[in-house]
Every structure is written in structure tokens, then in C-alpha cells.
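Working notes for the structure below.
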Amino acid sequence: MCGIVGYIGKRPAQEVLLTGLKRLEYRGYDSSGIAVISPKNNFPLVRKAPGKIKALENLLKSHPLFGVVGIAHTRWATHGAPTQSNAHPHLDCENSIALVHNGIIENYETLKDQLIKEGHLFRSQTDTEVIVHLIEKFYKNIPLEEAVCKALKLLRGSFAVAVIARAEPGKLVGARRGSPLIVGLGKEENFLASDAPAILEHTKEIIFLEENEAVVLSNDAYRVIDFDGQQITKKPVFLNWDIEQAKKQGYKHFMLKEINEQPKIIGDLLKLRIAKDNSILFKEQNIPLEKLQSIKNIFIVACGTAYHAGLVGKYILESLCKIPISIDVSSEFRYRDLLVDADTLVLAISQSGETADTLAGVREAKKRGAKVISICNVLGSSLTRESDGVMYTHAGPEIGVASTKAYTAQLTAIYLFAFYLAQIRKIVAESKINKLIAELQTIPQKQIQILRVQDNIGRVARRHSHLGSFLYLGRNLNYPSALEGALKLKEISYIPAEGYAAGEMKHGPIALIDEYRAVVCIAPASKIYEKMISNIQEIHSRKGKIIAIASEGDAQVKKLTREVIYIPLCAEFFSPLLVVLPLQLLAYHIALKRGCDVDQPRNLAKSVTVE
Ligand code: AGP
């Protein structure tokens, strides 16, 4: 979960690298560093600092680096505390090679012991430093890229690396296995980055490196090779994101901007995928129609927020497509004795498309003959390249670590996929699908109505921001909404929060209820509304601090709590797309009131590319 940027061209590398790092800070922010080839003697000169990128920026103000070739890194610590010495870039014994790395080297201790025996001096506790000393060991009268590939072939684990060296100052080498790395092609300049936002303002012509591929860059050429040096032809793609999407556009935080983008993203997704005759367009897949028609079960795999979207998906797909749906978090799925075979369709959900556990789960399922469709937001990400079909969510770059717009875009994609499957399996009357589609198309406008009163939601949040723990309750399609609301709050405000199926209250959690705990009750109009009201009455009689999310016009819930956040009436089937907005805003405003770093919460990173 670190961020890498590399530059080779004619402009001052420091500025390009620093700006790129800032766009990647959501990937990790406990230390950062930069190395630039000195024009005086070609040595890679290094500056690095613990803490956020601001610390590095201040250091560079007083100790700037000059040169036109460089690499940079923002770190999410895996091995070794976030200190100056553990910050990347790391150098070899002769300070002639500099390297940055994203990933985990699982066999680094064995390699380190051997290198120490051979006389290499280590300056950090990181696994990364092993790589640069291995390169040093092999870098004898061979090109840098050959020494890099020799070293990488000895590694077990995941890596994306960028490397520069004194002996070949006009060369920048990148390589990857298990962690993302893209190549940006410019005019007399080229780039490396973990993720597109780092280089979007310079170029939109991108090459996505695949597993066990390396790239050799000069300022006017590129060559992609495998780890045995064989040249590989790669076709650049044009990334249709614009850099403005990766900026705050006047909002205080990326998270708030992304919450407010949701109606437009969903509206655009519906326009993109629903044809005039209401047929669902899903061409980005190569699974034969008869295969999709004959699938006997679907297994949903995902992590975190994406997993909560998958839980809603279970209700949606079972209800519409009458197919048994299993679901598990990817880290559990990947190690189970999977009952997955050629009759299984795996639905992998991931905003980044780089989550290590989800990728590993997909690979396990494919070994057993399953077809894989992914719901993903990042064009060309690893998961999309290992899937048999991809339904992109087109939500634009999601910078806030707490996922918001990606979640509702994933839900929308799931609804559309369910309609698609129901249509091709001919199990739902066309009239019913048409009615559902018409209701789904009203959602963006209903979300806008909720966002119009977000200041009220902020007030409700601040009135409860002092409480030490929260319980979120929901039923049926909104049980996952309760889980998602709790995750949003805990990951950005650090308040202990738990999501629960409301029907489980009497089986234990009701013991928690007292006047010191907030209970968020998700109670929109639904077939189980009366059951939710009973739960709220039980909480009310035990003095719990109730925040209710209810449908406009609901006067009954007002008798039990003054803290009601109303949402527009909508079919229960689509209510997860509405109730989550108040939950996101509650978390945002509570975290803000508590002075937390909303966009870069402690200990987290945007994409978990390591186990
Ligand atoms: C959600 O707010 C978290 N940032 C986290 O749980 C995230 O959803 C999870 O890591 C999955 O990421 P992915 O969608 O990129 O696979």
C-alpha cells in the first residue's frame, strides 16, 4: 500500500516527483522520500523524512535536489517502524543504486543473512533494502535491467519497484509482481507510478505492466521485457480520467467531494448501461451466453466496503436471478476448501482492483474452473486483467481512504448485473424488470434530495460526536448498510462501532444499550419496518441514544427519538443506495468534529496490496 513515482526527461525531477507523491498520499503516508541522479557526478542523491509528505516538502525547500531522473516513494510501513532510516529510497553499499518498493518480500530474512555474510552493510529494518543489495551483487558489467531482473527472480512475495543507478544515469527501470505499476509515456519524458493520479497531469497514455514484467525507460524510449530479458510488445491505452477528478474542487476533503459526486456517478452509470429498450449493456466480458445461462451458483468475494456491497448483492441476485449466492471476505475465501467448479461464477468486487486477498481468491477460483466477473473502478488494474469479464463502475479516482462513491457505484453495478443475468436467463417478466429499472432511475434525484439537507445531518452528527461507541442496526437489505455505516465511522473517527442485524439484538447486543451509546437504526419503509420499530422501542426503553434513518412522512419513529434523518420514499429493494448517504455523512462530520484526518486516517491506506 505504498506509492511509487518515477521520472526521466528534461524537466527538474524533484517537482514532478513531489507533485506525484502528493496525489498518491492516500496509498500510505507514514514516511516519504526521493532520490535524484546528481548532474554533477551521477550519484543518486536522497532526501527522506518520517511523517506526511509535507515533511519531505519542507526538507526539500532547504535541501533541494537538482537533476532530471529520479524516483520517489510514500510509505505504509510493513517491516520496520516509520522512521527516517526505514523510509525509501534505499541505497546499495556504494550509494550508487537507489530503489523504491511497494509490496512485501516474504523471504527477505534468508536473503539478508546471505548478503550480510557476503559483506553487505544494511542501514534499515526493511524487507525492501534486500532488493537493492541483491541488484548491487549482480550489477557487474551487465545492464541495470538485467541485474534488477536477476534480483527479482530470487524474491518471494509481492513487489513493484523503481530503480536508478549512477552507472547508467539516463535509465529508469521499473518492474512488478503482485503490486501495481504503470508506465506513463510523455513527450521526451516518461513516468512510472503506482496509480494513475500521480501522472495524469503529464500524460494519459499509459502502459499497465503485468505480472513479472519490467520496463526500461529513457527520456525518449521504452522497452518492456520479461524477467528473462525477452522483449514484450505492449499497447498503450488512453486513460480518460482528467486530473481535475483527482482534485478536491472546492470541497474541504476528498471524502466530502466523493460523497457529493454519487448522484452523478450513478446517473452516468445507468445511462451507460441501460439501452433504450431497457436491455442491459454488458459487453466487457467473454463468457459464452450459454455459460452464463447455465451457471448453478455464484460466489461473491471482496473485502471491507466492497464486501458490504457484495452482501447487498446477495439479496439482490437471489431475489432476481433465483441462483444460490455464497459470499465471503476474500481473506477467508482464499484459504477455504472451496466448493467452486466450472458451474460457479465468481463475482469479485474491488474499487482498486489491486487488493491482494481478492486477487488471490480469484486465482484460486480460476484454478478450479470457475469463471470470474469483476466489478472494479480502476481501468486496467490487476483484477480486471485476471477476470473473464469486467463491469467497470466508472466512479473516477476515489482518493478518500474511506470508500463512499465506489460503494454506491458497486451497488449500482450489482443491480445492473442482476438485471442483465435475469434478462439472459429469462426468469423475470420483462414488465417487472422495466418497473425496477424505472425505480432505479429515480435514485440519483433522491440522493440529491438527501445531499441538500447534509447540513442537518452534520448537526445530528455533532450532537453525538462525544459518545464513546456506536451500534448500527439494520435488517434484510439494510443489514449490510449497518455494517457499512459502522465501518465508515470506525475507520475515520476511531470510535468503536459495530454493525448488527437488528433481529440479533436479543441474542446479546441489547446488553450494551445504555445512555452512553448511540444506536443508529436504519428503518426505511419496508416489509420489516414494524420489526425495526420494535427494536427501536426496546432501545428507547433502555435509554439508548437513538439516531433513526427513516422514510419521509414516518411520524411513528418520531415518537421514539427526535434524532431522525429522513430519506425520500423508495422501493425497499433500492433503499441501500439511499440510506448509506446519511451513514457516510454521519461518519464524516463526527470524525471532523473529533479532529481526525478524514482523508488519511491513521494506520490505513487506500488499497491493501499486501496480505
Ligand atoms: C473502505 O472504506 C476501506 N477503505 C476498505 O475496507 C476497502 O473497502 C477495502 O480495502 C477493499 O478495497 P478494494 O475495494 O479496493 O478491494
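Order of listing sets the numbers, starting from 1, for every ligand and every atom in it.
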From T404, I375, V301, T305 - option closest to atom 8 (O) of ligand 1 by heavy atom: T305
List ligand 1 atoms under 4.0 Å from [X], heavy atoms only on the residue side.
X: A306; answer: 8 (O), 14 (O)
X: A402; answer: 2 (O)
X: S403; answer: 1 (C), 2 (O)
X: E491; answer: 1 (C), 2 (O), 3 (C), 4 (N)

Derivation and outcome, side chain to side chain donor-acceptor pair (under 3.5 Å), residues N260 and Q454: CA-CA 10 Å; N260 283 276; Q454 60 187 287; 2.7 Å; yes
Matching residue for F574 among L411, L440, I316 - test: side chain to side chain contact (heavy atoms under 4.5 Å, CB included): L440
I need the nearest protein heavy-atom contact for [atom]: residue, atom name and distance, please.
atom: atom 10 (O) of ligand 1; result: V608 CG2, 3.9 Å
atom: atom 6 (O) of ligand 1; result: G304 CA, 3.2 Å
atom: atom 11 (C) of ligand 1; result: C303 O, 3.4 Å
atom: atom 16 (O) of ligand 1; result: T355 OG1, 2.5 Å
atom: atom 14 (O) of ligand 1; result: Q351 N, 2.7 Å

Residue pair L578 / C570: nearest heavy atoms and the distance that separates them: CD1-SG, 3.6 Å
Aromatic plane relationship, H88 with H101 - under 30° parallel, 30 to 60° tilted, over 60° perpendicular: parallel
Flag, side chain of R368 to backbone of E364, donor-acceptor distance under 3.5 Å: yes
V401, any N or O under 3.5 Å of ligand 1 N or O: yes
Any N or O of S352 closer than 3.5 Å to N or O of ligand 1: yes
Is the distance between the ring centroids of [X] and [Y] under 6.0 Å?
X: Y415; Y: F573; value: yes
X: Y407; Y: H308; value: no
X: H464; Y: F470; value: no

Any side-chain donor near an acceptor of the partner, N102 and S194, under 3.5 Å: no
Proximity flag K488 to ligand 1, non-hydrogen atoms under 4.0 Å: yes
